[in-house]
Amino acid sequence: MNPHSLFKPAIFLAFTCFACLLRAQNITEDYSFFRNQDIPVSRSGHTLELPWTGGINGVRFSEIDLDLDGVNDLFAFEKHGNRILPFLRRNNHYMYAPEYISRFPDLHDWVILKDYDGDGQADIFTYGLAGIRVFRNTSDTALSFHPVTEQLTAFYYNGYVNIYASPDDYLVIDDIDGDGHIDILNFWVLGKYVHQLRNYSNNSEVFDFHLESECWGHFEEAADNNAITLNSDCGSKGDDGHTRHTGSSMLLHDFDHNGLPDILIGDVDYPNLILLYNHGTMQDARMTEQDTAYPSGNPVHLYSMPAPSLIHLPDQDHPTLLVSPSDPSLIKSRDLNSVWRYDYDTLLQQYLLTNTAFLQEEMLDAGSGCHPVLYDWNGDGLQDLFLANYGSYDSSHLVNGFLTSFFSSSIQYYRNAGTAQQPAFQLQDSDFGKLKKLNLKALHPTFGDFDGDGQTDMLCGQEEGTLLLVPHHRLVTGDGNIIQNYHNIDAGKFSTPTFFDLDRDGRNDLIIGNQRGILSYYRNIGTIATPVFERITDTLGGVDVRNAEQSYHGYSVPCLYRDSLNGTTLFCGSEQGLVFYYKGLDGHLSDAFSVQGTLWESENADCQYCASHLREGRRVVAAIARVDDDEHPDIIVGNYAGGAAYFQGRTPVMHHASVPSEHAPAFRVYPNPTGNLLHIRSEQTPVESVLVYDLLGKLLLQNHDSPLRLESLPNGIYILEINHSTKIKVVKTGK
């Protein structure tokens, strides 16, 4: 273990406490939100229990005691967006508990919770850099974790090396040989064979893995499909032209009750689970039978790469089998009805399918990608909710050995049936405008009179970049023509228009985001009744929400809001999962907009100075409006998992400010906000060092020179720790 890693939690805690004190100073953010899960949503007369959870496409489940009450709760992890979904167990129900998300470390690609040290608390095994990271559960009075290692090692042949793990595999971390210690099963680096890494340590708190077998179970997977050959000696591992694709899920369990662990396997590009029955010994597993359509009767059929979990649900005497897709691709897997639940029937001694949308059925879920839009459609003074999507899953086919899946986009309409004080959303139409049959993808609506008939129409962006006009008559009756390629506007792939009077001339303009992550501005040079649009720029405000470390794309989605305090503010969703906001637009449309940072979320309404990045997953989209009757805007944030989260506006909270001190040296930090260069000057003695932290206390840069180069950092808010002799000054800066 790296001894320096022992100090990271202490440093982080100290910085967090320090930052909390700073928040109480004199700099206040422009907007503040806290999560509100009490806004009711109903479908077909049923009020949803988990409406604002954010949806689910594909997750893998584990058990953990979140609130330390002695009862295991439910933990779900979604690869798409690296989303942590904690659920507290309350009698026979689960309650979404996002307040526990911040208790977990940064996790990505895959997560398995397993108690390795025998203290009764689930520890974390997760993907690292082509390997396995481990965090020990150190909870006492509150849930907490301590880093153990960034890379598990094992003795292979001549020495200890890092254990290989793929970001796209769900391996086995369990007691494989029954000796009471956690072992590992993982596929060979080129797939095909399963390696057994046995833990020889006599100390439950220390790992000592050795390669025990290169052919655990004596089976192998085919190179070009998911067929399995039994009774194999695993043959040669030389260069045999083997190019099997990466991506498998595994679950170890004694399914036939013969005292030996069997293994359940899912594979990328395939919808089924294959159960291999073990008829060997504890020391030499040997798979001699297979069921390629498990469970019998109602087999799993979930594109793609179903990941199984066994969970002790509150209303069951036997562990329940939960299965959900885990394909790494965003455009291959089933999205709706994608969490299948199998309960064990003791009379039949087999698993029976009881639900295909476990937890999902109680959530707002639009499929793949959720683009919320707030608009008062029925003119009653209340903001209604529209949920568009990239698409919802239709079907899959293997083409030349590769999986191709088909999606079609649609828009859900939820009428606000509440009051000005208490919104409440009711589903009115699951295919508003009857657009799903057009087989389009990535619809994004905005509303206004676009054809001059005095009635509200809907204008939609789409994957190919052009705009689609859906006239009022079709929205009301479901019949009538639509207009393709509206005004010949093409703002780039995945266009996301919003209709807003940007230049304050009384006529609404079009501001359009796209896949590149920038914004186009089309000014209305016509009239209010008959708009005519002129392209002004494709780089409005210099906005670019890409993060090159994560993706080539930005997927910008603009939303504009205007009030008397801040004037016109631009909010912009992004691929990386942050909602950026820019203010001071009025009178400066030809200038680079001033990015203020990203939106924050207060953990609860009573914790004024506790906040964290508002981060809901991947490809987030924000809809902002005054949904209730207070003076603060509210925000609904959609994400690629298809769901949404509701955040209620409140009086802006204070975040970070300089520490006032009569003994602190005077510094000039300019320009602030800045671009790529930040100058730091002192008229007294030279600056010794400058440390740059993100808002979670992570050290990003350390420099001894001025100007400070910030090219490697994405746009956002940062904390500068300026060291001068024995004094320290802390300054907030934006980029």
Do you know the tightest heavy-atom contact between Leu252 and Asp174?
O-OD2, 4.2 Å
How close do Val111 and Thr126 get, counting heavy atoms only, and between which atoms?
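Distance-wise, the nearest heavy atoms are CG2-OG1, 3.7 Å.
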Looking only at side-chain N and O atoms, does Asp208 offer a donor or acceptor that is under 3.5 Å from a partner on Tyr160?
yes
Between the side chains of Asn355 and Glu361, does any donor sit under 3.5 Å from an acceptor?
yes
Validation: residues 293-303 side-chain donor-acceptor distances under 3.5 Å, sequence neighbours left out:
residue	atom	partner	partner atom	Å
Ser296	OG	Asp291	OD2	3.3

A cation-pi test, strictly: NZ or CZ of [X] under 6.0 Å from the centre of the six-membered ring of [Y] and no more than 45 degrees from its axis. Yes or no?
X      : Y      : value
Arg618 : Tyr640 : no
Arg89  : Phe87  : no
Arg60  : Tyr170 : yes

Enclosure of Asp69 CG (heavy-atom neighbours >12, cutoff 6.0 Å):
yes
Counting neighbours of CG on Leu129 that are heavy atoms of other residues, nucleotides or ligands and sit closer than 6.0 Å, is the number greater than 12?
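Result for CG/Leu129: open.
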Run the salt-bridge test on Arg334 and Asp394 with the 4.0 Å N-O cut-off and return the result as yes or no.
no
Who pairs with His257 by side-chain hydrogen bond (donor to acceptor under 3.5 Å, both in side chains), at least two apart in sequence or on another chain?
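Tyr344.
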